[in-house]
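A quick note: this is a predicted structure, and the numbers were derived from the prediction, not measured. When reading the values below, keep in mind they use all heavy atoms of this one structure, side chains included, and skip hydrogens, waters and symmetry mates. Order of the sequence lines fixes the chain letters, A, B, ..., with proteins taken first and strands second; residue numbering starts at 1 for each chain.
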Amino acid sequence: MITFPSDLNLGPIAPALVVVVTGILVMLADLFLFRAEDRHNTVWVALGGLIVAFLVTLGLWGQVSGGPITAIGGLAILDRFALFLDLILILVTAIVMLLSAEYLVEQNIEHAEFYTLILFSVSGMMLMGASADLMTLWVSFETFSIALYVLAAYARPKVESEEAGLKYFFLGAFSAGFFLYGIAMTYGATGTTRLMGIAQFIQANAATISANNMLYVGLGLILVGLGFKVALVPFHQWTPDVYEGAPTAVTAFMATATKAAGFAALLRVLFLAFPQLSGAWSTILALLAVLTMIGGNVIALSQRNIKRMLAYSSIAHAGYILIAIVAGGAQAVSAAMFYILAYALMTLGAFAVVIALNRGGAEVVNFEDYAGLIQRRPGLTHALAVFMFALTGFPPLAGFVGKWYIFDLAVRNGWAWLAVVGTLASVISAGYYLYIVVLMYMRPAPDNAPDLGGAQGTAGLAVALTLIGTVLLGIFASPIFNLAQSALLAAR
Amino acid sequence: MDVPIQYYGLLSALLFSMGVAGVLLRRNIIIVFMSIELMFNAANLLFVAFARHQNGLDGQVFVFFVMTVAAAEVAVGLALVMALFRSKQTTDVDDASTLKG
């Protein structure tokens, strides 16, 4: 006789379920509700579903005050960490949809499947944050990746986009192979795939654990797999090509949501399953953080395409977030999550300006196109300048506060040298972020400058929202940080 | 007579290395594809071997998930290869170099 686990309780993963159902509803609405010329209305169905998911997440927030709730027989876990990630992802996705609505029409690639794929991808990311088992982690990892492979190639038959999709697919699947092999070895070494179970095994066998090579190799391979996804140097080679070739709206989504989900998974795995081995992984990750910050920022200096520049910038910011994980301690999770939120707003804002400047399918991505922008589009110029200052880390914007929390944490937990490297890397980053600002304000526009779009419609709304978010997150940082603080991992 | 677990581990490691080498060295997209599948199946073998060794079921259940995911991945991957083949008439990874880097 088949017996179901008594706690087969789907309530805790409700936000992800709402998102999946919305994805299906978008497809159905496209098929039955809207005629071809009204197809753009599907975005409102998708946004409506996100609002429901937002309300559900808020509703669950109060319920988990007494500690984490397990779901689906212990495969998933609901705590404030997962819910905080859900809130970030819902916000990011909503802004990406506002960005996409007109962009897709202009690029002539508007199909309702776009929103469906984004929603399916987000559901995978949400489940990643709610994983309590390597099995859930693996399936959600692939759920969001496979949807993203398609999205990267969405502008086909544009060769650049197809190539971006293919490169992302091959390197993503390659890294998934390492990730999976790492899970298999961890399972072999500990006999369980439960994150808590792994931690208990390590605790129970503390004396002999340093001789358990298979466990260390497994952990290393898991780190390689997740390192690919969040684009740590030396696993970053795919990032600039994929970011450049993919449609800009998809790039904005990849740069922010994937990073949030990837780091959430890293935090889950390292702090829930391997906290006792922190001596081993923090050294490796510190090295990766240095490589990532220096490598990302230095290569970004030589870029002349804003999408590639933002790709290297996203690599560099992954390095800063990694510092929080290395430093560890009670505030590591909140510092990392706060930075992810700040980074997401700033980067989405920069991409929103790039998308708003699009006109009639030609993308405005070369640095020369930004020369003298102040005379042509003053509003968008000021907005982009704010995002560039925020990404550099100027006070009082979001990027400064995020870096402050992370570097402060590093200094207090004995990783002062890492904070110094991070500060130096931020100084290097000023070289390319501020170069754009100089171009926009101080250089004359070239004679053959391309036609530009303006800040009207939903893309303009997205610019305004991210701008307000970037400024407010900088000024009113402490309430949000306290919210992130209460999103601490359950096990700690 | 039971085959010792080490043999399975060795075979699986060999398969995995072949897969990695195939991805890194071969230039034909389809071969690269097969190499990635080899990496997945090396992990599957490890899961099943350990599940048997430990008398548990987790590993075997995991293999079903891996196979499902791999099937979905193949569907998407082949579609992407087809799309690029239509544009460029090639299955050589070196020809996919419109994007510098």
Report yes if the side chains of [X] and [Y] come closer than 4.5 Å at any heavy-atom pair, otherwise no.
X	Y	answer
A:Phe170	B:Ile29	yes
A:Phe141	B:Val69	no
A:Phe174	B:Val20	yes
A:Met214	B:Phe50	yes

Legend entry - Toward chain B, the part of A:Ala152 with a non-hydrogen atom under 4.5 Å: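 For A:Ala152, no heavy atom lies under 4.5 Å from chain B.
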
Closest-packed option against chain A by number of heavy-atom pairs under 4.5 Å, given [options]:
options	value
B:Gly19, B:Gly56, B:Ala49, B:Gly59	B:Gly59
B:Ala70, B:Ser87, B:Gly9, B:Ala42	B:Ser87
B:Glu37, B:Glu73, B:Met39	B:Glu73
B:Val66, B:Ile5, B:Leu38	B:Val66
B:Phe33, B:Phe65, B:Phe47	B:Phe47

Inset, instruction - Can you tell me which residue pairs pass the salt bridge (Lys or Arg N to Asp or Glu O under 4.0 Å) test with a partner in residues 130-140 of chain A, sequence neighbours excluded? - result: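 Counting only pairs at least two positions apart or across chains, the salt bridge (Lys or Arg N to Asp or Glu O under 4.0 Å) contacts touching residues 130-140 of chain A are A:Asp133-A:Arg194.
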
Counting only heavy atoms not in [X], do more than 12 fall under 6.0 Å of its [atom1]?
X	atom1	value
A:Phe367	CZ	yes
B:Arg86	CZ	no
B:Met67	CE	yes

Legend entry - Taking every non-hydrogen atom, the tightest pair across B:Leu84 and A:Leu166: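 The answer is CD2-CD2, 3.5 Å.
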
Legend entry - Test: B:Lys88 and A:Glu163 ion pair at under 4.0 Å: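 Salt bridge present between B:Lys88 and A:Glu163.
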
Legend entry - Portion of B:Ile36 that has a non-hydrogen atom of chain A nearer than 4.5 angstrom: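 Just the side chain, heavy atoms under 4.5 Å.
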
Inset, instruction - Against chain A, label B:Ala51 side chain, backbone, both or neither, depending on which of its atoms sit under 4.5 Å from a heavy atom there. - result: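 Both backbone and side chain.
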
Inset, instruction - Would you check, one step at a time, whether the test side chain to side chain contact (heavy atoms under 4.5 Å, CB included) holds for B:Leu80 with A:Tyr168? - result: CA-CA 10 Å; B:Leu80 290 171; A:Tyr168 193 33; over 6 Å; no

Inset, instruction - Carefully, step by step, assess B:Phe62 and A:Leu180 under the rule side chain to side chain contact (heavy atoms under 4.5 Å, CB included). - result: CA-CA 10 Å; B:Phe62 210 124; A:Leu180 183 64; 3.8 Å; yes

Inset, instruction - With side chain to side chain contact (heavy atoms under 4.5 Å, CB included) as the test, would you mind laying out the steps for B:Phe40 and A:Tyr181 before giving the verdict? - result: CA-CA 7 Å; B:Phe40 279 35; A:Tyr181 208 75; over 6 Å; no

Inset, instruction - Would you please go through residues 10-17 of chain B and name the residues with a non-hydrogen atom below 4.5 Å from one of chain A, in numerical order? - result: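 If one takes a 4.5 Å heavy-atom cut-off, the residues of residues 10-17 of chain B near chain A are B:Ser12, B:Ala13, B:Phe16.
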
Legend entry - Residue among A:Gly165, A:Ala184, A:Pro157, A:Gly172 with most heavy-atom pairs under 4.5 Å to chain B: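 Heavy-atom pairs under 4.5 Å are most numerous for A:Ala184.
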
Inset, instruction - Please report the C-alpha distance between B:Leu46 and A:Tyr187 in whole Å, then the side-chain angles of each, then the deciding distance to 0.1 Å, and finally whether the side chain to side chain contact (heavy atoms under 4.5 Å, CB included) criterion is met. - result: CA-CA 9 Å; B:Leu46 209 54; A:Tyr187 171 65; over 6 Å; no

Inset, instruction - To the nearest 0.5 Å, tell me how far B:Met82 CE sits from A:Arg156 CZ. - result: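 Taking CE in B:Met82 and CZ in A:Arg156, the distance rounds to 10.5 Å.
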
